[in-house]
Amino acid sequence: MWEALTGDGRWALALVCLSYLGIVFITSRGLIAAPQYRQLQGRTGDVRAQATVLAAAADDDPERAAAITAVTERLDDLEHTSLVVWRLPVTHWVITIPLSKLAAAWRVLHNCESRLLRLQSPEENAALLRSLRLRLASSGQPGDAELAAEIAAELETRPATPAAATALAGAATEYLHDREDAEAEREYEQQRTALWLAATGLGAVFLIGATLDHRPTMLLGALGGFMSPTISVLRSQRPASWGILVLAPVGGALAAIGGLLLVRMLADPELTLLGNVFLENSWEAPTRPIALALALLFGFSGTLFSRLALTATGQLAPTASQTGRLL
């Protein structure tokens, strides 16, 4: 076993897996979390500036001054403590921004914005209501049109009611904040799931490559997995999910190895669902051109692997129903 794990090919495979694991880590921290953190910093600076302006007019109101001080202290937590960024040297910026903390930080910032909104002047809240009405009216989300109509009715019937304008502006802002937070948390959860699957899949790739002589198969499958989202992005000209981009090569490598095994089973003389050419150019001959091409196709198309797996399941199900067990 030790000799099998210490061959030159195994060390090369381990190096490839570790290198891609490093790419996954840098993608998580440097390409996903870091831009989000920079946006958070920009919004935090805007809120701090707004708090400074409100504080200048609150010298004679201890209650308003205390509320602004509480918001300022909360903003200090976002900028100067480990609420979002670990306290490490600047040279380690890539690993200092955990993706898991950003959703909580955005909730804190939104709460600070809502608190400052209650301290704004009636004129500012009326202007904010008009901006929110236009934003909600142009949105296609369920419920936005109804809320925009309610804001329009409030502005038309009671334009000079400061308390009503402040309350409605606060309700609309909290509604939008809650939706943004829910979408952000769902996106972060999907990204974390994809990153975990990629890390676990790399472990499976190394174990399979260390025990089976199918490293070229997995390499072509990983290439196909990389090509699939790349071609999709080039065709659609739209950004793809980071989770898909990270997970696709790992899933392609595993789909290639599993696809060749399924091809070998379906081409077996006892099933004869596939021709003899697949029997001779699949699992037992992974370095032949046809086998490598199949690996590339399986890595490129997850649908191809799913259809083949369903076909194999359909062949096993009648056997199970006739004998009461899987043969």
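Computed from a prediction, not measured in an experiment: that's the story for all the values here. Basis for what follows: all heavy atoms, side chains included, without hydrogens, waters or symmetry-related copies.
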| field | Side chains of Gln50 and Gln120, donor plus acceptor under 3.5 Å | value | yes
| task | Would you list the pairs meeting ring-ring contact (aromatic ring centres under 6.0 Å, His included) in which at least one residue belongs to residues 105-137, sequence neighbours left out? | result | Trp106-His110, His110-His177
Atom pairs and distances, side-chain donor-acceptor, residues 13-22, under 3.5 Å, sequence neighbours left out:
| from | atom 1 | to | atom 2 | distance (Å) |
| --- | --- | --- | --- | --- |
| Ser19 | OG | Leu15 | O | 2.7 |
| Tyr20 | OH | Val246 | O | 2.6 |

| message | My understanding is that a hydrophobic cluster links ILVMFWY residues whose side chain heavy atoms are under 4.5 Å apart, including indirect links. Using that, what else belongs to the cluster containing Ile231? | response | Leu220, Leu223, Met227, Leu292, Leu296, Phe300
| By side-chain hydrogen bond (donor to acceptor under 3.5 Å, both in side chains) - contacts of Arg192 (at least two apart) | Glu189
| said: Going by the rule salt bridge (Lys or Arg N to Asp or Glu O under 4.0 Å), which residues pair with Arg186 if we only count those two or more places apart in sequence or in a different chain? | reply: none
| query | According to the side chain to side chain donor-acceptor pair (under 3.5 Å) rule, which pairs have a member within residues 283-292, sequence neighbours left out? | reply | Arg264-Glu284
| Which other residues end up in the same hydrophobic cluster as Phe226, if Ile, Leu, Val, Met, Phe, Trp and Tyr are linked when side-chain heavy atoms come under 4.5 Å apart? | none
| request: Go through the structure and list residues passing side-chain hydrogen bond (donor to acceptor under 3.5 Å, both in side chains) with Glu174, not counting sequence neighbours. | output: Arg118
| field | Residues which pass side-chain hydrogen bond (donor to acceptor under 3.5 Å, both in side chains) with Asn111, listed by chain and number, not counting sequence neighbours | value | Arg115
| note | Residue set satisfying salt bridge (Lys or Arg N to Asp or Glu O under 4.0 Å) with Glu187, at least two apart, ordered chain then number -> none
| query | Under the salt bridge (charged side-chain N to carboxylate O under 4.0 Å, His left out) rule, what pairs show up with a residue in residues 194-210, not counting sequence neighbours? | reply | none
| query | Which pairs with one or both residues in residues 179-203 pass ring-ring contact (aromatic ring centres under 6.0 Å, His included), sequence neighbours excluded? | reply | none
| message | Within the 4.5 Å heavy-atom criterion, are Leu254 and Ile208 side-chain neighbours or not? | response | yes
